[in-house]
Amino acid sequence: MAAEPTGAGPATFQARVLALVARIPPGRVMTYGQLALLAGAPGAARQAGQVLNGLMGHTELPWQRVINAQGRISTYKVGVGEVQEGLLRAEGVAFDDTGRCDLDTLQWWPEDAPDRAVPPAPLW
DNA sequence: TCCCTGACCGGCT
DNA sequence: CAGCCGGCCAGGG
């Protein structure tokens, strides 16, 4: 088999991203760059986005809980963004007038995240 | 095989 | 605060 670290979950980047998305609790969010980082590919935020691109409407994963580093919804297709925002609001996520939410309180990090330099993320 | 694009990101102007 | 730029990796023509 390939030289792959054990205990890190699925081997492929895509599978690891999906595994992370599946663990995001309701009312919390993760960013594309964060997913890429935790999936072992720092800087590959675009790839994370590309993975999720194929999911929309084809999965039961909480794809709506993934937003960009600005705290905004990144969908380029008209209508999809509205759906995503609606789903998130239904979970208790608040958006301001500029369509932005507070990552300081809503961004979620896995308990076993390698990087411990994580924001407080107080319970809401 | 080369070229281009893409649900992004951080830094700089 | 807004806009431009290079960098990342994968997939498609």
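So you know, we letter chains A, B, ... as the sequences are listed, proteins then strands, and number each from 1.
A/Q84 places no side-chain N or O within 3.5 Å of a backbone atom of A/S74 that could act as its donor or acceptor partner. Within the 3.5 Å criterion, the main-chain N or O of A/G81 finds a donor-acceptor partner in the side chain of A/T75.
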task = Spell out protein contact along nucleotides 2-7 of chain C as letters: B when the base is contacted, S when just the sugar-phosphate is, - when no protein heavy atom is under 4.0 Å; keep the 5' to 3' order.
result = -----B

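Protein atom CG of A/L52 is 11 Å distant from nucleotide atom P of B/dC9, rounded to whole Å. Rounded to whole Å, the distance from CD on A/Q70 to P on C/dC1 is 11 Å. Between the P atom of C/dA10 and the CD atom of A/Q50 lies a distance of 10 Å, rounded to the nearest Å. Distance, A/L55 CG to C/dG11 P: 14 Å, rounded to whole Å. Atom-to-atom, CG of A/N68 to P of B/dG6 comes out at 17 Å; the value is rounded to the nearest Å. Rounded to an integer number of Å, the gap from A/L37 CG to B/dC8 C1' is 13 Å. When rounded to the nearest whole Å, the span between OH of A/Y32 and C1' of B/dC9 equals 13 Å. Rounded to a whole Å, the CG atom of A/L35 is 10 Å from the P atom of B/dC9.
Residue A/C101 holds its SG atom at 11.0 Å from CD of A/Q70, rounded to the nearest 0.5 Å.
No salt bridge links A/E91 with A/R28; every basic N to acidic carboxylate O contact stays at or beyond 4.0 Å.
Residues satisfying the side chain to side chain contact (heavy atoms under 4.5 Å, CB included) criterion with A/R100, sequence neighbours excluded, are A/R72, A/D96, A/T98.
Within 4.0 Å of A/A69, counting heavy atoms only, lie sugar-phosphate atoms of the nucleic acid but no base atom.
Residues A/L55 and A/L18 form a side-chain contact, since some pair of their non-hydrogen atoms from C-beta on lies under 4.5 Å apart.
A donor-acceptor contact under 3.5 Å is formed by the side chain of A/Q47 with the base of B/dG6.
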